[in-house]
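The shown structure was predicted, so the numbers you read here are calculated from the model rather than taken from an experiment.
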Amino acid sequence: MTKVLDIPKVNAKNMTEKEFFYGHKACAGCGGSIAVRLALKVLGERTYSALPAGCMSAVGFIYPQMAFNSNAIITTFPGSASMAAGIAAGAKALGQKDFKTVVFAGDGGTADIGFQALSGMIDRNDDVLYICYDNEAYMNTGIQKSGLTPYGTKTTTTPAGQNIPGTITHKKNLFEIIAAHDIAYAATASIGYPQDFINKVNKAKHVKGATFIHVYASCPTGWGTPTETSVEIAKDAVDAGLIFLAEYEDGEYKLNRNPKEFKSVEEYLKKQGRFKHMSDADIQCVIENRDKKWERMRKNWL
Amino acid sequence: MGDVRLMKGNEVIAEAAIRCGCDGYFGYPITPQSEIMETLMIRKPEDETGMVVLQAESEVAAINMVYGGASCGKKVMTSSSSPGISLKAEGITYLAGAELPALIVNIVRGGPGLGTIQPAQSDYFQAVKGGGHGDYKLIVLAPASVQEMNDFVDLGFELSFKYLNPAMILSDGVIGQMMEKVELSDYKPRWTDEEIEKISGSWATNGKKAGGERNISTSLDLDSAKQEVFNHKLQAKYRAMEENDVRFEKIACDDADYLFVAYGSSARICQKSVELAREKGIKVGLLRPITLFPYPTKQIQEMLGQVKGILSVEMSAGQMVEDVRLAVEGKVPVEHFGRYGGIIPTPEEVVEALEEKILGK
């Protein structure tokens with residue numbers, strides 16, 4: 001396992017002016033596109049991107065107006081991690097050294113259909129950074145529930161009614177599932193905390209072997225939120241404790257933010273069309289689940 | 001008139017499934033067919049008929065849920081669109097190999113690969129000639145209207161249970177997304193356990209009965225001699241389908257000098273082309289295969305004494321035309337006209353193609 005030492009810092013001041021994901025057709029306020037844009041700026045010109053079916057491939061590969069200014073390819077839906085492994089192996093066989101292979105896949109493409117390939121990629125420790133931009137449903141096909149859709153979300157396949165509050169399962173614990181592979185480096189992030197996300201991509205860039213970042217990325221279209229509040233809402237999710245910022249490195253978990261007090265969960269939920277229908281009891285269920293999780297994280301990771 | 005409504009083709013598939021007594025639907029999102037699962041989730045038939053609707057984590061998972069349900073003698077189905085059907089291919093051939101009934105709906109989009117989300121008919125080979133591995137056939141139904149989207153769900157299950165073979169509805173983005181008037185079927189109750197025992201008791205793996213033989217659901221036989229005998233049995237079944245269950249429609253064929261052969265949405269376009277051509281004095285008819293397997297080979301051959309040329313019209317680069325040519329055996333010219341990649345041909349284009357490719361000869 002490569003030790004991460006003395007990595008040059010990247011921030012808004014010294015970040016490249018070059019754009020590698022530009023002129024795409026994403027909806028206004030798209031959080032996924034912010035994540036891809038920032039990550040590619042950190043990873044630089046010598047990057048191979050692999051994207052399965054999903055929002056970012058749908059809005060980024062509209063020929064002839066290709067939005068990727070570095071190499072990018074659309075993979076099969078279940079095979080992005082495998083294809084990235086192949087790209088990394090192919091580039092290595094060509095004698096290339098100064099490159100990074102990255103996957104940008106959505107929550108469904110990662111936690112559901114793409115999971116087997118991802119697990120294999122980590123198991124082999126292929127030299128790939130896998131970034132899951134999590135907008136909490138299959139947004140590109142019209143807002144269907146995924147394994148990372150949180151409790152209470154109204155989607156087109158989990159409609160909310162008098163008896164059922166939309167989605168009745170909680171988000172899969174993707175970060176810990178990935179960490180359980182004993183991966184070299186894994187992290188969670190949010191586009192609401194861009195510097196933290198940039199730091200994590202930067203760290204992963206310098207790790208040889210499989211790395212993983214789960215970035216929370218708002219979606220005004222699917223969430224029913226004003227387009228100008230995307231970054232704010234992604235920050236609120238962290239501040240309310242529903243999304244946590246953490247890392248897994250050298251076999252250890254690290255909690256990057258441990259707020260003394262959480263912001264209001266109710267306020268966070270009520271801002272979004274997808275949660276508007278939730279009853280007090282449903283909100284309480286979300287809070288209880290959050291508290292249980294934090295109790296465990298604080299006990300084990302601090 | 002029964003329950004008449006204005007509905008989208010995809011919504012009608014969902015409604016027809018509930019009404020025909022389907023036991024389970026297993027799906028995964030993909031454009032342009034996501035409305036099927038969405039409609040079922042909103043309708044929540046579990047409260048009404050007890051029908052189970054599950055969203056799987058992938059297309060592979062969905063077809064294998066179908067495999068599980070089918071092996072218990074239940075009426076189960078899945079739906080997807082082209083790339084998703086490719087993922088289901090393994091499950092489909094296992095279903096055929098285990099001789100299990102199931103319904104698979106393909107709302108075709110343009111390919112290959114991720115392709116486009118616009119309609120196409122480029123999955124004909126996949127549906128009719130295999131798609132998965134091994135010597136197997138699907139019963140393939142090609143609806144040309146929203147009404148047939150309704151009717152073919154029940155028919156698909158009926159044929160599927162008649163032959164113990166998976167059936168496919170091969171539709172496309174036009175019929176799936178289009179709204180039309182439809183008369184919905186009356187409700188049929190789901191089969192009771194006793195009925196399932198009567199209908200499928202000889203093969204369904206839903207528990208060994210006291211004193212009875214155990215049923216085994218498998219497509220594995222390591223003994224080649226036995227596997228060949230089984231393959232003979234399958235082939236005999238496919239010949240029986242060809243003998244008894246070919247479905248087709250003929251439009252303006254009685255006095256036709258020329259013939260369009262087209263299915264699904266292309267057939268709808270050709271209906272208009274027939275009118276336009278006849279206004280120009282070209283006597284052309286339309287033969288619309290409704291079952292793509294079994295294929296109306298004989299019905300095409302019966303037209304050979306009468307017509308001087310045939311144009312196969314498909315939204316593909318030329319797939320069904322091969323079956324038309326096999327039927328015709330070189331006796332009259334057979335040409336193909338197609339638009340593809342998500343482009344839908346106009347009726348005028350079809351007439352022009354007829355004039356150029358067939359009349360010009």
Side-chain angles (χ1 to χ4, degrees), chain A residues 50-63 73-80 83 105-119 137-149 153-164 166-169 172 174 222, chain B residues 8 10-11 14 25-48 52-64 79-91 107 109-118 173 176-177 341-342:
Chain A
L51 297 92
C55 292
M56 291 307 110
S57 54
V59 305
F61 288 83
I62 303 170
Y63 185 81
I73 190 159
I74 296 185
T75 73
T76 58
F77 208 4
S80 5
M83 189 157 174
D107 42 291
T110 302
D112 295 347
I113 192 168
F115 190 75
Q116 180 175 330
L118 171 59
S119 183
Y138 292 87
M139 296 310 185
N140 182 45
T141 42
I143 321 171
Q144 292 91 7
K145 181 214 175 288
S146 83
L148 290 177
T149 303
T153 313
K154 182 175 74 181
T155 73
T156 51
T157 54
T158 53
Q162 282 179 331
N163 300 318
I164 295 182
T167 305
I168 52 170
T169 49
K172 263 190 206 179
L174 184 61
Chain B
K8 242 187 193 190
N10 285 339
E11 295 167 354
Y25 169 93
F26 309 99
Y28 185 72
I30 183 168
T31 309
Q33 64 81 52
S34 294
E35 294 92 347
I36 299 176
M37 182 164 57
E38 290 172 3
T39 305
L40 284 167
M41 289 295 189
I42 290 164
R43 285 281 272 104
K44 210 162 166 279
E46 199 161 358
D47 293 349
E48 198 179 340
V52 171
V53 184
L54 280 185
Q55 181 178 341
E57 75 275 21
S58 71
E59 279 97 351
V60 175
I63 191 70
N64 284 298
S79 68
S80 194
S81 180
S82 311
I85 297 292
S86 293
L87 279 168
K88 290 183 195 292
E90 184 195 37
I107 307 296
R109 59 192 244 181
L114 195 53
T116 171
I117 56 172
Q118 309 302 329
Q177 295 292 329

Next on the checklist: Please classify the contact between B:Ile42 and chain A as side chain, backbone, both or neither, with a heavy-atom cut-off of under 4.5 Å.
Outcome noted: both
Checklist entry - Based on non-hydrogen pairs under 4.5 Å, which of A:Ile113, A:Thr155, A:Thr158 is most in contact with chain B? => result A:Ile113
Checklist entry - Which region of B:Gln55, side chain (C-beta onward) or backbone (N, CA, C, O), has a non-hydrogen atom less than 4.5 Å from a non-hydrogen atom of chain A, or is it both or neither? => result side chain
Next on the checklist: Side chains of B:Glu38 and A:Thr156: any donor to acceptor distance under 3.5 Å?
Outcome noted: yes
Next on the checklist: For a side-chain hydrogen bond (donor to acceptor under 3.5 Å, both in side chains) check, start with the C-alpha distance between A:Tyr138 and A:Thr149, then their side-chain angles and the critical distance, and finish with the verdict.
Outcome noted: CA-CA 9 Å; A:Tyr138 292 87; A:Thr149 303; over 6 Å; no
Next on the checklist: I'd like to check the ring pair (Phe, Tyr, Trp, His ring centres under 6.0 Å) partners of A:Phe115; sequence neighbours left out, ordered by chain and number.
Outcome noted: none
Checklist outcome for this item: So CD of B:Glu90 and CG of B:Asn64: to nearest 0.5 Å the spacing works out to 6.5 Å
Item to check | chain A contact via B:Leu40 - which portion, at a heavy-atom distance below 4.5 Å | outcome: neither
